[in-house]
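What follows is a set of notes on a single structure, which appears directly below.
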Amino acid sequence: MRKGANTAEDPSPPVTNSAAWRTKIAYHDASMLRMMNGGDLVLPGFKVEDRVIGAAKVYVITPPASAPNQGKPHLSIHGGGWTSLGGKIARVLAQVQAQQYGGVIYAVDYRMPPDHPFPAPLDDCLAVYREMTRQFRPDQILVSGGSAGGNLAAALMLKARDGGLPQPAALLLDTPVVDLTGVSDTLQTNQHLDTLLKVWRQDANVALYAGSSNLADPYLSPLKGDLSRGFPPTYLRSGTRDLFLSDTVRFHAALRKAGVPADLYVGEAMPHGGFGGRTPEDLDAVADALRWLAVHWT
């Protein structure tokens, strides 16, 4: 879920109070932007282009020649509990991701609740993926997502398949949320151990995003989908203190059972989303993902 998710110390407004949610989201994103010096950063040697595809903004990030995976198309879906980390924040985060993994990143600034609940965010991701399959060979595309973005990325694979679109080369899921019914073990056992999320309250961001939809719908809970009818090779990452460790582990097991090539990386003592990107443990996790991508993102 990353920052913006509900915690015991940061109670969310009632789902019906859209104005209060807009205030909460704006306050959170403003604090993030202050840490990013306003969010107008363009890293040295990077090219950043703003586009519109369908109803969504898309930030196309081209890193310098020193970055890995030159020229490979990469669809990136940001986290933030389906409500936060869009706009300039997503633009900066996509540049960081381009530093780590390279490629030409298409970062989707999808519409979000409270004004645009499910299925609008997923529809935006699908529109961008569809356009990318027209511009690039699908078997060259990497799709990635973290937290709520991991939920959207996994659901996108099901929706693209059901819509007759080809699968990408690979899928990279960082601490994904794949079962919104809330039955995973570590949602209980890792409460207050996860230093980012603290606790998980089922009635907040999920209810705002899903509305009255059935939480077992595979487009909301990809773990509930039929994974045997076509799903790309998948790399999953989590940590032993991640609230969504069980979501990640269960999805890995379901993919393997369905015959999908899938690998799992679990970082010792890592909370949801890692330690912040600069620790030796974070660098080891990125290096492991790059080794996997060298095989599957070709």
Side-chain angles (χ1 to χ4, degrees), residues 1-41 55-57 59 76-94 96 107-125 145-153 155 174-177 179-182 187 190-213 215 220-221 242-244 247 271-274 276-277:
M1 206 61 46
R2 295 199 66 79
K3 294 178 178 67
N6 193 35
T7 71
E9 295 80 10
D10 180 26
S12 291
V15 173
T16 54
N17 192 340
S18 295
W21 270 97
R22 292 188 198 100
T23 299
K24 173 184 169 66
I25 294 164
Y27 177 82
H28 171 265
D29 283 354
S31 66
M32 289 290 293
L33 284 170
R34 284 193 294 272
M35 291 188 287
M36 295 177 171
N37 295 319
D40 293 317
L41 173 70
K57 278 187 178 180
Y59 308 111
S76 173
I77 305 174
H78 71 82
W82 301 280
T83 61
S84 301
L85 306 186
K88 290 182 177 181
I89 301 172
R91 196 169 177 262
V92 172
L93 293 176
V96 174
V108 189
D109 189 7
Y110 52 86
R111 294 169 294 167
M112 293 186 283
D115 299 304
H116 302 286
F118 175 82
L122 182 57
D123 288 343
D124 288 350
C125 295
S147 192
N151 172 277
L152 288 167
D174 187 7
T175 60
V177 184
D179 184 3
L180 301 193
T181 65
L187 293 179
N190 276 357
Q191 285 199 29
H192 301 289
L193 297 179
D194 190 322
T195 55
L196 181 69
L197 296 183
K198 309 297 184 184
V199 299
W200 169 247
R201 285 176 48 180
Q202 186 66 14
D203 59 350
N205 289 59
V206 165
L208 189 70
Y209 173 56
S212 60
S213 299
L215 295 182
L220 284 168
S221 295
D242 180 12
L243 273 176
F244 291 95
D247 267 38
H272 189 68

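In this chain, numbering begins with 1 at the start of the sequence shown. Keep in mind that the numbers below use all heavy atoms, side chains included, and drop hydrogens, waters and symmetry copies. What you are looking at is a predicted structure, and each value in this text was computed from that prediction instead of being measured.
Within the 3.5 Å criterion, the main-chain N or O of Leu215 finds no donor-acceptor partner in the side chain of Thr181. Using a distance-only test at 3.5 Å, with no hydrogens or angles considered, a donor-acceptor pair links the side chain of Ser221 to the main chain of Leu180. Distance alone, capped at 3.5 Å, places no donor-acceptor pair between the Asp247 side chain and the Val177 backbone.
We find the CD-NZ distance between Gln191 and Lys198 to be 12.5 Å, quoted to the nearest 0.5 Å. Remark: Ile89 CD1 to Ser84 OG distance equals 7.5 Å, nearest 0.5 Å. One finds the OG1 atom of Thr83 at 11.5 Å from the CG atom of Asp115 (value rounded to the nearest 0.5 Å). Atom-to-atom distance recorded for Leu197:CG and Asp242:CG is 7.0 Å, nearest 0.5 angstrom. Between the CG atom of Asn17 and the CG atom of Leu208 there is a distance of 10.5 Å, given to the nearest 0.5 Å. Put simply, CE on Met112 and CG on Asp124 are 10.5 Å apart, with the number rounded to the nearest 0.5 Å.
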Just distance, no hydrogens or angles: give the donor-acceptor pairs under 3.5 Å from side chains in residues 29-41, sequence neighbours left out.
unit_1 : atom_1 : unit_2 : atom_2 : d
Asp29  : OD1    : Leu85  : N      : 3.3
Ser31  : OG     : His28  : O      : 2.6
Asp40  : OD1    : Lys88  : NZ     : 2.9

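In this pair, Tyr209 and Phe118 present their aromatic rings perpendicular. The plane angle is above 60°, beyond the 30 to 60° band.
Smallest separation of non-hydrogen atoms from Gly80 and Ala148: N-CB, 4.4 Å.
Under the 4.5 Å side-chain criterion, counting only non-hydrogen atoms from C-beta, Pro114 is in contact with Ile25. Counting heavy atoms from C-beta on, the side chains of Leu122 and Tyr110 never come closer than 4.5 Å. Under the 4.5 Å side-chain criterion, counting only non-hydrogen atoms from C-beta, Thr175 is in contact with His272. Between Asn151 and Phe244 there is no side-chain heavy-atom pair separated by less than 4.5 Å. Trp21 places a side-chain heavy atom less than 4.5 Å from the side chain of Asn205.
Salt-bridge annotation for Arg111 and Asp123: absent, with no side-chain N of the basic residue lying under 4.0 Å from a carboxylate O of the acidic one.
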Test side chain to side chain contact (heavy atoms under 4.5 Å, CB included) applied to Tyr59 and Asp109, step by step: CA-CA 8 Å; Tyr59 308 111; Asp109 189 7; 2.8 Å; yes
